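Everything numeric in this text was worked out from a predicted model, so none of it was measured. Below, chains carry the letters A, B, ... as their sequence lines are ordered, and counting in each starts from 1.
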Amino acid sequence: MPELPEVETTRRGIAPHLQGHQVREVIVRQRQLRWPIPRNLNALLRGQTIEQIDRRGKYLLLGMDTGTLILHLGMSGSLRILPATTPVQKHDHLDIVLDNGQCLRLRDPRRFGAVLWTRKDPARHKLLQSLGPEPLSDEFDGDYLWQRSRGRKLAIKSFVMDSKIVTGVGNIYANEALFIAGIHPQRAAGRISRERYQQLAVAIKQVLEAAIREGGTTLRDFTASDGKPGYFRLKLHVYERDQEPCHQCGKALRQIVIAQRSTYYCQHCQR
DNA sequence: ATGCGGACCTGTTAGC
DNA sequence: TGCTAACAGGTCCGCA
């Protein structure tokens, strides 16, 4: 489900409900996610105040008194703010109950998500320490991509989806950005000019920012923390549009597979 | 170092 | 109608 815009939409939705509140209780119903939820999470979090709610790539970071809770939504995770008395549904794995009777509830059918605790600077956590720059930051630009791509032979689409290169660009937005930049998704990363990398960096920023403004992309089941869907799907140029007409030239879009991921592009507009 | 494929897990849908 | 296979928004890990 969630790429960076959906995670950012979630962050903005939950932050005002969490900020400054104390954890009353943590209820874990299913600890087997991508990695097991720590056994003693209730003891660790109880009584702590949630000070800030940050995002790094697709990771959500709940900064507390003595450490940071690291959350990842995987492919199918979602977070809602609900009264703690709301009946539990299938795949509701975790509740963080607050001092005001509300709770942050994690649902994740596929269980590719993660909930981890660290006492140190989360940037130095094993899962975060090798992440590339934030795509919306100033350090991420065409020169950076060009420099990192020299000598690389993998497909440009796989390159921009590599979290060590840039964090948070997933399958939907990689497809969309490459269309906007007019770059064929299979082109070798090392064979793209500096100028075209400038266009690609701009396209990535543009598409992520637009998606955040629309509240993310709802394909099947993404909803923000208030239950509302995201509307960026209406503006997708290529994703899940196999055989439909290109918005630029009208020719039929194509679907192929790159690194086991569905890839959509226009044979005419992308080179 | 680089690049690829497998692994994790469940739900939905397309096809026979 | 019912069974089976393919596919889905992620990403770590191990192997060549």
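Heavy atoms of other residues, nucleotides or ligands lying less than 6.0 angstrom from NZ of A:Lys126 number 12 at most.
Side chain of A:Arg34 to backbone of A:Gly113: no donor-acceptor contact under 3.5 angstrom is found. Between the side chain of A:Glu3 and the backbone N or O of A:Pro5, no donor-acceptor pair lies under 3.5 Å.
Residue A:Asp95 is tested with A:Arg80, A:Arg107, A:Arg105 for a salt bridge (charged side-chain N to carboxylate O under 4.0 Å, His left out); the sole match is A:Arg105.
Less than 4.0 Å separates DNA chain B from at least one heavy atom of each of the following residues of residues 110-118 of chain A: A:Arg110, A:Arg111, A:Phe112.
Atom CG in A:Leu219 sits roughly 19 Å away from atom P in B:dG11 (whole-Å rounding). As rounded to whole Å, 15 Å separates atom P of C:dC12 from atom CG of A:Leu73. Rounded to whole Å, atom C1' of B:dC8 lies 15 Å from atom CD1 of A:Ile37. Between the CG atom of A:Asp162 and the P atom of C:dC13 there is a distance of 14 Å, given to the nearest Å. Taking atom CD1 on A:Ile258 and atom C1' on C:dA8, their separation rounds to 17 Å, with Å as the unit. Summarising the geometry, the separation between CD on A:Glu3 and C1' on C:dA8 is reported as 12 Å, rounded to the nearest angstrom. Rounded to whole Å, the distance from CG on A:Leu131 to C1' on C:dG10 is 13 Å. Atoms CE (A:Met161) and C1' (C:dT11) sit 9 Å apart, rounded to a whole Å.
The shortest distance between the side-chain N/O atoms of A:Lys90 and the OP1/OP2 oxygens of B:dG11 is below 4.0 Å. Phosphate proximity of C:dC12 to A:His72: absent, as no side-chain N or O sits under 4.0 Å from OP1 or OP2.
One side chain, A:Tyr144 or A:Arg148, offers a donor N or O that lies under 3.5 Å from an acceptor on the other.
Sorted by first and then second residue, the ring pair (Phe, Tyr, Trp, His ring centres under 6.0 Å) pairs involving residues 5-54 of chain A (not counting sequence neighbours) form an empty list. The side chain to side chain donor-acceptor pair (under 3.5 Å) contacts involving residues 37-51 of chain A comprise A:Gln48-A:Thr66, where partners must be two or more places apart or lie in separate chains.
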Nucleotides 1-6 of chain B: protein proximity per nucleotide (B base, S sugar-phosphate only, - neither; heavy atom, under 4.0 Å): -SS-BB
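The other members of the hydrophobic cluster of A:Ile258, by chain and number, are A:Ile256, A:Tyr265 (side-chain heavy atoms under 4.5 Å, ILVMFWY only).
Once rounded to the nearest 0.5 Å, the distance linking CG of A:Leu127 with CD of A:Gln129 reads 9.0 Å.
Between A:Asp143 and A:Arg194 there is a salt bridge, since a side-chain N of the basic residue sits under 4.0 Å from a carboxylate O of the acidic one.
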Show every donor-acceptor pair shorter than 3.5 Å between a side-chain atom in residues 170-185 of chain A and any protein atom, with sequence neighbours excluded, or say none if there are none.
unit_1   : atom_1 : unit_2   : atom_2 : d
A:Asn171 : OD1    : A:Lys157 : NZ     : 2.7
A:Asn171 : OD1    : A:Asn175 : ND2    : 3.4
A:Asn171 : ND2    : A:Ser262 : O      : 3.1
A:Tyr173 : OH     : A:Glu6   : OE2    : 2.6
A:Tyr173 : OH     : A:Thr217 : OG1    : 2.6
A:Asn175 : OD1    : A:Tyr264 : N      : 2.8
A:Asn175 : ND2    : A:Asn171 : O      : 2.7
A:Glu176 : OE1    : A:His237 : N      : 2.6
A:Glu176 : OE2    : A:His237 : N      : 3.4
A:Glu176 : OE2    : A:Val238 : N      : 2.9
A:Glu176 : OE2    : A:Tyr239 : N      : 2.8
A:His184 : ND1    : A:Gln186 : N      : 3.0

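Judged by closest nucleotide on DNA chain C, A:Lys58 is the one of A:Lys126 and A:Lys58 placed further toward the 5' end.
A:Lys153 pairs by the side chain to side chain contact (heavy atoms under 4.5 Å, CB included) definition with nothing, not counting sequence neighbours. Taking the salt bridge (Lys or Arg N to Asp or Glu O under 4.0 Å) definition, one finds that A:Lys90 meets it with nothing, sequence neighbours left out. Residues meeting the salt bridge (Lys or Arg N to Asp or Glu O under 4.0 Å) test with A:Arg11, sequence neighbours left out: A:Glu8. Residues passing the salt bridge (Lys or Arg N to Asp or Glu O under 4.0 Å) test with A:Asp54, sequence neighbours excluded: none.
Nucleic acid contact for A:Leu127: sugar-phosphate only, since backbone atoms but no base atoms lie under 4.0 Å from a heavy atom of the residue. When heavy atoms are screened at a 4.0 angstrom cut-off, A:Tyr59 is found touching the sugar-phosphate backbone but no base atom.
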Tabulated below should be each protein N or O lying under 3.5 Å from an N or O of nucleotides 4-7 of chain C; please produce it.
none

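Rounded to the nearest Å, the gap between the P atom of C:dT1 and that of B:dG11 is 22 Å. Rounded to a whole angstrom, the distance from the P atom of B:dA14 to that of C:dG9 is 16 Å.
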Intra- and interstrand pairs of DNA chain B - dot-bracket, Watson-Crick/G-U under 3.5 Å, | marks other strand: .|||||||.|||||||
